[in-house]
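This report refers to the structure that appears directly beneath it.
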Amino acid sequence: MKCRFFLLDINEDRSAAKPTVRLWGLNDRGERVLILATQILPYFYYMPDEKDDPDSVRERLLKPGTKFTKILRIEIEKKKKLLGLPCNVLRITCSDSEVLTAYARDILKDLGKGTTYEEDLRLSVRYVTDTELTLCGWQEFEVEPIQDDRFAVDSVFAAEALPAKSPEDTPPAMRILAFSLLTVGERGSAKPEMDPIRAIAVATGKGKVEILLNEGKDDSQLLTDFVAFTREFDPDIIVGFESNSLVWPYIIQRCKLRKIKLALGRDGSEPHTSMFGHVSVAGRADVDLFDITVGIAEIKVNNIENLARYLQTPSSGKAETIEESDRFILWKDESGRRKLAENAKANAQIMLELAEAAINFPMQLSALTGLPLDQVMTAAVGFRVDSYLIKQAHMLAELIPPRVEQPFFTYRGAIVLEPKTGLHDNVVALDFSSMYPSLMEKYNLSPDTLVRPAEKVSEDSVFIIPEVNHRFRKQPNGFYRTVLKELIEQRNRIKGEVTKLEEKSTRYRVLRERERAVKIITNACYGYAGWAGARWYAREVAESAAALGRDTITKTIAKADSLGLKVIYGDTDSIFVTDDHKKVEQLVKWAKQEVDLEIKREREYVRILFTEAMKRYAGLVPDGSLDIVGLEVVRGDWSDIAREVQEQVLTRILCEQSTEKAIEDVRTTIRKLKNGEVPIINLTIRKTLTKQIEDYKVRTPHVEVAKLLVKQGWDLGVGDKVAYVIVKGSGKLFQKARPASQVNPKDIDIEYYLDNQIKPAAMRILERFGVNETQLAV
DNA sequence: AACTGTGGCCAGTAGA
DNA sequence: TCTACTGGCCACAGTT
């Protein structure tokens with residue numbers, strides 16, 4: 001029988017007698033389905049030395065009595081390519097996916113030469129590439145129902161054949177469970193070894209939120225209730241916040257302690273940490289909203305409130321994170337406990353809304369890259385590109401290079417122009433559209449087209465890259481050219497389709513996110529090519545793209561000059577010029593004709609201000625808002641008070657062109673600070689721990705405060721933000737830093753905030769207008 | 001002991 | 001994923 005099937009998760013069935021892939025998802029009747037597929041067997045490639053005859057190598061490996069008892073068959077493939085060149089390889093198929101790496105190693109040792117490929121691809125990856133199926137997408141399967149009550153699904157099927165693509169492309173309705181833990185630690189953060197879970201809030205739909213309470217003497221019953229609730233509701237997607245790093249580890253540890261089986265998987269298994277540090281729940285997609293906030297550059301502090309504000313979901317205003325230290329105080333009495341419970345419920349409800357609003361992008365990224373939904377947001381950019389390229393390479397019959405430790409070389413990057421300082425009226429920022437990918441495609445930059453220095457080729461058969469003198473063959477198309485062409489075309493196709501759709505329709509939203517996913521992968525290819533961990537790493541490719549970029553922008557500046565356009569600033573692929581429409585049009589035309597690249601009018605500025613610094617400016621755009629780049633206002637490591645005062649100054653200068661009003665604003669802020677009217681939260685400075693506390697070579701305020709908090713029982717590590725303020729006293733700054741939550745307002749070092757926060761932030765702008773610091777005195 | 005200059009550590013941003 | 005850039009602050013050396 002036929003089964004139309006939306007694939008949500010894929011993994012290998014390690015308990016099966018023969019290599020089996022489990023495909024979890026929904027059918028077109030909204031039933032939960034598991035398909036067991038045995039069509040794709042594990043295999044790897046062996047490429048013999050040139051002098052060796054593939055047939056005799058084959059004979060030798062298949063001879064009875066060798067240790068390779070799990071080799072099922074060996075085929076000679078003549079169509080495979082390595083770096084674009086055809087080659088003969090042995091495809092060695094095995095009956096057990098566990099033996100691939102060992103066999104590859106042993107064959108190399110036994111034969112003493114040749115190379116192996118693709119033994120590092122897991123069976124589920126093999127299945128995705130070989131069948132070209134789409135994660136978070138629809139396919140059609142020919143299946144036979146089977147009886148197997150190990151799985152909590154509506155039907156289990158055995159696949160009879162490989163899947164076929166289905167035209168349908170909007171996801172089915174899925175059940176989403178959002179959950180939030182309530183934990184309370186007496187000293188510092190709650191510790192799973194000692195602090196039981198007090199409650200778990202679970203949201204399953206609009207207004208459908210409840211709280212599971214811990215009413216026993218420990219949390220055994222609560223954990224059991226949580227398992228029962230989850231199994232009963234049977235979600236397709238489970239959503240948490242910091243669930244991978246904190247919440248799941250906490251629950252898992254509590255269950256271990258209380259000896260409770262956390263059987264949440266659709267196969268009855270427990271959640272476990274898997275690839276890229278994400279937590280995997282068999283048959284369901286575990287999505288951590290934290291990973292989604294990390295992916296949104298506009299969000300400085302990654303919490304639920306900020307994600308809610310950014311996505312503007314219905315209950316976004318109700319989100320609130322209660323600090324751990326406050327939780328302990330609230331927990332002491334009944335009304336506080338009620339407040340905590342309400343907060344956990346509100347958070348779960350909001351997380352559900354956020355998941356519904358934000359899930360399209362991860363789904364589209366999953367479909368594009370072939371990484372399962374629960375891994376795709378946790379995976380670093382490089383691994384997303386890697387996964388995408390593996391799929392593409394397979395389709396092009398290219399052998400997939402292994403990931404190897406490579407020596408690392410830096411190279412010269414982009415050009416940034418010295419800005420013309422001061423105020424400028426009527427300016428336009430011109431950007432090249434996807435400059436690096438376009439250049440990589442145009443000049444066929446790829447590891448397989450790169451001509452090694454010793455190699456002799458005729459000059460007109462290669463592109464010679466300016467400055468760096470690397471050579472790339474014009475033909476045939478390199479791997480990156482093929483892939484980027486397809487990506488760029490795909491993006492244009494989607495863009496064309498989107499314009500025909502109604503903005504509110506589901507398909508519109510899906511396609512918009514698909515376009516975003518394609519854009520992200522396209523832009524990441526340049527950085528990926530220069531990443532030593534990449535399978536398709538070639539420093540020369542990234543270096544050449546950067547050199548061509550410099551060449552392009554330099555020529556563009558010269559052209560703008562010759563047209564009489566005043567170039568005020570430029571960074572990488574953009575130039576800021578005085579907006580003379582006719583001349584700008586000429587420049588755009590020139591770019592199209594002479595360098596075959598598209599220049600877009602990216603932003604217009606009524607007025608724009610540059611200081612001496614590169615990458616820092618502020619402009620007034622026609623709708624009256626400010627576009628602030630690089631300055632303290634947009635930095636997360638300055639206090640609110642400094643950021644706010646700088647924003648006021650910029651508004652006065654750019655909108656009203658009044659230095660006097662700006663000065664008065666600064667004075668007002670200074671007065672407030674001196675009168676003690678500024679709350680601690682506006683004086684708090686936040687910095688991230690980018691390494692283990694003991695690895696720091698210098699003593700800095702945020703590290704010192706982190707050490708203090710650790711001593712108090714807090715659990716702080718890489719990636720945690722430390723919030724501190726500076727208090728009165730003597731000595732170095734790091735000796736005067738205190739945790740923001742533990743400071744009395746009267747201890748604040750007013751002078752520090754004046755001299756090191758407010759004044760520098762304000763003067764950065766005001767000194768351009770001849771203002772002296774003494775004029776700020778009150 | 002207090003100050004000054006300088007190199008380097010560090011976090012964060014801009015642009016892809 | 002990459003490089004370019006800013007600017008605070010520490011650590012240390014040399015000077016007053």
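Chain naming here is simple, since letters A, B, ... match the order of the sequence lines and numbering starts at 1 in each.
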What's the closest nucleotide to the A/Ala613 side chain, out of C/dT1, C/dC9, C/dG7? C/dG7

Mind checking if A/Arg764 touches a base, just sugar-phosphate, or nothing, with heavy atoms under 4.0 Å? sugar-phosphate

Sequence neighbours excluded, which residues qualify as side-chain hydrogen bond (donor to acceptor under 3.5 Å, both in side chains) partners of A/Asp749? A/Lys736

Which nucleotide wins on minimum distance to the side chain of A/Trp531, given the candidates C/dT1, C/dC5, B/dA16? C/dT1

Is the charged tip of A/Lys691 near the ring of A/Tyr696: under 6.0 Å from the six-membered ring centre and within 45° of its axis? yes

Nearest to the side chain of A/Val381, heavy atoms from C-beta on, is which of C/dA11, B/dG15, C/dT1? C/dT1

B/S/- along nucleotides 2-13 of chain B (protein heavy atoms under 4.0 Å) is -------SSBBS

Nearest nucleotide by nearest heavy atom, which residue falls closer to the 5' end of DNA chain C, A/Ala532 or A/Ile415? A/Ala532

Ion pair A/Glu441/A/Arg481, N-O distance below 4.0 Å: no

Is A/Glu594 salt-bridged to A/Lys555, cutoff N-O under 4.0 Å? no

Hits for side-chain hydrogen bond (donor to acceptor under 3.5 Å, both in side chains) against A/Asp571, two or more places apart or cross-chain, chain-then-number order -> A/Lys615

Under 4.0 Å, heavy atoms only, any strand: does A/Arg384 hit a base, just the sugar-phosphate, or nothing? nothing

Name the closest nucleotide to the A/Tyr752 side chain, picking from C/dC9, C/dT6, C/dT3. C/dC9

Can you see whether A/Phe361 has A/Arg516 sitting over its ring - NZ or CZ less than 6.0 Å from the centre and within 45° of the normal? yes

Looking for any heavy atom pair under 4.0 Å, which part of the strands does A/Asn523 touch: base, sugar-phosphate only, or nothing? nothing

What does A/Ala524 touch in the nucleic acid at a heavy-atom separation under 4.0 angstrom: a base, only the sugar-phosphate, or nothing? nothing

Which part of the nucleic acid, if any, lies within contact of A/Ala380, taking any heavy atom under 4.0 Å across all strands shown: a base, the sugar-phosphate backbone alone, or nothing? sugar-phosphate

Any base atoms under 4.0 Å from A/Gly413, or only sugar-phosphate, or nothing? Heavy atoms, all strands. sugar-phosphate

